Amino acid sequence: MGTNLKVTLSLVAVAVVALAVAFVVSRAGGEDVPAGEVAQSVVRADSHRLSTAADGKVTVVEFLDFECEACGAAYPGVERLRAEYADRITYVVRYFPIASHPNAFNAAHAAEAAARQGRFEQMYVKLFDNQTAWGHNQQSQVETFVGYARELGLDVDRFRADLASPEVEARVRADAQDGERLGVRGTPTFFVNGDRYEQDPTYEALKKTVDDALAR
């Protein structure tokens, strides 16, 4: 074998190894997330829980947008499910505001600002119960949300400050980033015990999935 051929073959081998390494690195930085990280991304220690099961057997996580009509349509069924199962399941809400919805981020900020005064669930209910009144308005609905805070008996000055704070913005974006890592593209998106729920978000379908999980 000639010297030139040996050099050429060596360079080809090096190139193949380099491409293989690049492929592995690319995959590691893509959508494939290790199982442990997936579990952590679905629900975190500071995630908002509307109910907590003592046995921790079933956890339902919803990535939602308060302005999303599909989330609003799913909301009555979710509330029925929560009422029926109460403390038998852990129900977690996570923010995933959609950029095309004019007040999605403001609404998420309002929920988070209320959470800082221990009123997350009350604001969650307020936002969905009144979604048709404030949703899909091009004008800012901040004053509407301040009105809700006042009705809930919150410290309004503190609420206003939190509503505009970088800490609240970062908290909302952290949820959304977890959703993106998990492949969430629209709302509502549910996970049951870490597995993505792929059926329609109706009460009946969610109930069956929860019942199956409880029976295991």
Side-chain angles (χ1 to χ4, degrees), residues 46-52 60-86 89-176 179 184-191 197 200-207:
D46 66 348
S47 294
H48 295 303
R49 292 159 173 79
L50 297 181
S51 64
T52 302
V60 180
V61 178
E62 180 183 4
F63 282 85
L64 59 75
D65 173 341
F66 289 106
E67 196 167 8
C68 163
E69 291 176 340
C71 294
Y75 167 69
V78 166
E79 290 302 278
R80 182 179 172 188
L81 192 79
R82 290 209 300 125
E84 181 174 343
Y85 287 88
I89 64 172
T90 297
Y91 200 92
V92 180
V93 171
R94 306 204 63 187
Y95 307 117
F96 199 82
I98 306 297
S100 61
H101 295 161
N103 279 281
F105 281 93
N106 285 339
H109 289 191
E112 183 59 26
R116 305 213 164 196
Q117 295 188 47
R119 294 290 188 275
F120 173 81
E121 182 172 2
Q122 291 84 345
M123 184 60 80
Y124 158 89
V125 169
K126 200 79 163 171
L127 290 168
F128 274 129
D129 281 352
N130 296 280
Q131 188 194 63
T132 56
W134 63 265
H136 299 288
N137 282 295
Q138 293 302 316
Q139 298 82 7
S140 170
Q141 295 298 299
V142 164
E143 289 307 312
T144 299
F145 302 149
V146 170
Y148 295 161
R150 187 175 288 111
E151 291 172 14
L152 293 174
L154 302 184
D155 180 330
V156 172
D157 289 339
R158 179 182 170 190
F159 179 83
R160 283 187 184 276
D162 285 338
L163 195 63
S165 73
E167 292 81 10
V168 164
E169 180 180 4
R171 176 65 179 75
V172 170
R173 289 195 182 279
D175 268 16
V184 174
R185 295 294 178 265
T187 54
T189 294
F190 294 87
F191 291 83
Y197 172 85
D200 290 335
T202 63
Y203 162 79
E204 290 79 12
L206 283 167
K207 174 180 168 58

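Predicted model only: the values in this text are computed from it and were never measured.
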Taking [X] for the side chain and [Y] for the main chain, is one N or O donor matched with an acceptor at less than 3.5 Å?
{"X": "His101", "Y": "His136", "value": "no"}
{"X": "Asn103", "Y": "Val142", "value": "no"}
{"X": "Glu112", "Y": "Val168", "value": "no"}

_Working note: Asn106 + Glu67, criterion side chain to side chain contact (heavy atoms under 4.5 Å, CB included); need CA distance, chi angles, decisive distance, verdict._
CA-CA 10 Å; Asn106 285 339; Glu67 196 167 8; over 6 Å; no
*Should the heavy atoms of other residues, nucleotides or ligands under 6.0 Å from CD of Glu69 be counted, would the total exceed 12?*
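Result for CD/Glu69: open.
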*Kindly write out the residues that satisfy side chain to side chain contact (heavy atoms under 4.5 Å, CB included) with Ala174, not counting sequence neighbours, or none if the list is empty.*
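Checked Ala174 against side chain to side chain contact (heavy atoms under 4.5 Å, CB included); zero matches.
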*Does Leu152 have any side chain to side chain contact (heavy atoms under 4.5 Å, CB included) partners at least two apart in sequence or in another chain, and if so, which?*
Gln122, Met123, Leu154
_Could you go through Val78 and Tyr91, starting from their C-alpha distance and side-chain angles, then the distance that decides it, and tell me whether this counts as side chain to side chain contact (heavy atoms under 4.5 Å, CB included)?_
CA-CA 10 Å; Val78 166; Tyr91 200 92; 3.2 Å; yes
_What verdict does the salt bridge (charged side-chain N to carboxylate O under 4.0 Å, His left out) test give for Glu167 and Arg116, after you've listed the backbone C-alpha separation in whole Å, the side-chain angles of each residue and the deciding distance to 0.1 Å?_
CA-CA 11 Å; Glu167 292 81 10; Arg116 305 213 164 196; 5.7 Å; no
*Could you name each residue pair satisfying salt bridge (Lys or Arg N to Asp or Glu O under 4.0 Å) that touches residues 121-132, not counting sequence neighbours?*
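Of all non-adjacent pairs touching residues 121-132, those that pass salt bridge (Lys or Arg N to Asp or Glu O under 4.0 Å) are Arg82-Glu121, Lys126-Glu151.
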*For residues 95-107, pull every pair meeting salt bridge (Lys or Arg N to Asp or Glu O under 4.0 Å), keeping only residues two or more places apart or in separate chains.*
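Qualifying pairs, neighbours excluded: none.
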Write down the atom of [X], the atom of [Y], and the distance for their closest heavy-atom approach.
{"X": "Asp65", "Y": "Ala104", "result": "OD1-CB, 3.4 Å"}
{"X": "Leu163", "Y": "Ala113", "result": "N-CB, 3.9 Å"}
{"X": "Ala74", "Y": "Pro201", "result": "CB-O, 3.8 Å"}
{"X": "Gly72", "Y": "Pro76", "result": "O-CD, 3.3 Å"}

*Got a sec, which pairs hit ring-ring contact (aromatic ring centres under 6.0 Å, His included) with one end in residues 143-162, sequence neighbours left out?*
Trp134-Phe145
*Summary of side chain to side chain donor-acceptor pair (under 3.5 Å) pairs that have at least one residue in residues 154-166, sequence neighbours excluded*: Glu143-Arg160
How long is the gap from [atom1] on [X] to [atom2] on [Y], to the nearest 0.5 Å?
{"X": "Tyr95", "Y": "Phe105", "atom1": "OH", "atom2": "CZ", "result": "12.5 Å"}
{"X": "Phe190", "Y": "Asp200", "atom1": "CZ", "atom2": "CG", "result": "11.0 Å"}
{"X": "Phe96", "Y": "Asp175", "atom1": "CZ", "atom2": "CG", "result": "10.5 Å"}
{"X": "Glu62", "Y": "His48", "atom1": "CD", "atom2": "NE2", "result": "13.5 Å"}
{"X": "Leu81", "Y": "Ser51", "atom1": "CG", "atom2": "OG", "result": "9.0 Å"}

If you define the side chain from C-beta out and look only at heavy atoms, does anything of [X] sit under 4.5 Å from [Y]?
{"X": "Val184", "Y": "Phe191", "value": "yes"}
{"X": "Cys71", "Y": "Phe128", "value": "yes"}
{"X": "Tyr203", "Y": "Glu84", "value": "yes"}

*Apply the test side chain to side chain contact (heavy atoms under 4.5 Å, CB included) to residues Phe120 and Val93: give CA-CA distance (whole Å), side-chain angles for both, the deciding distance (0.1 Å), then the verdict.*
CA-CA 10 Å; Phe120 173 81; Val93 171; 3.7 Å; yes
*Could you check Thr187 against Phe66 for side chain to side chain contact (heavy atoms under 4.5 Å, CB included), going step by step and ending with a plain yes or no?*
CA-CA 9 Å; Thr187 54; Phe66 289 106; over 6 Å; no
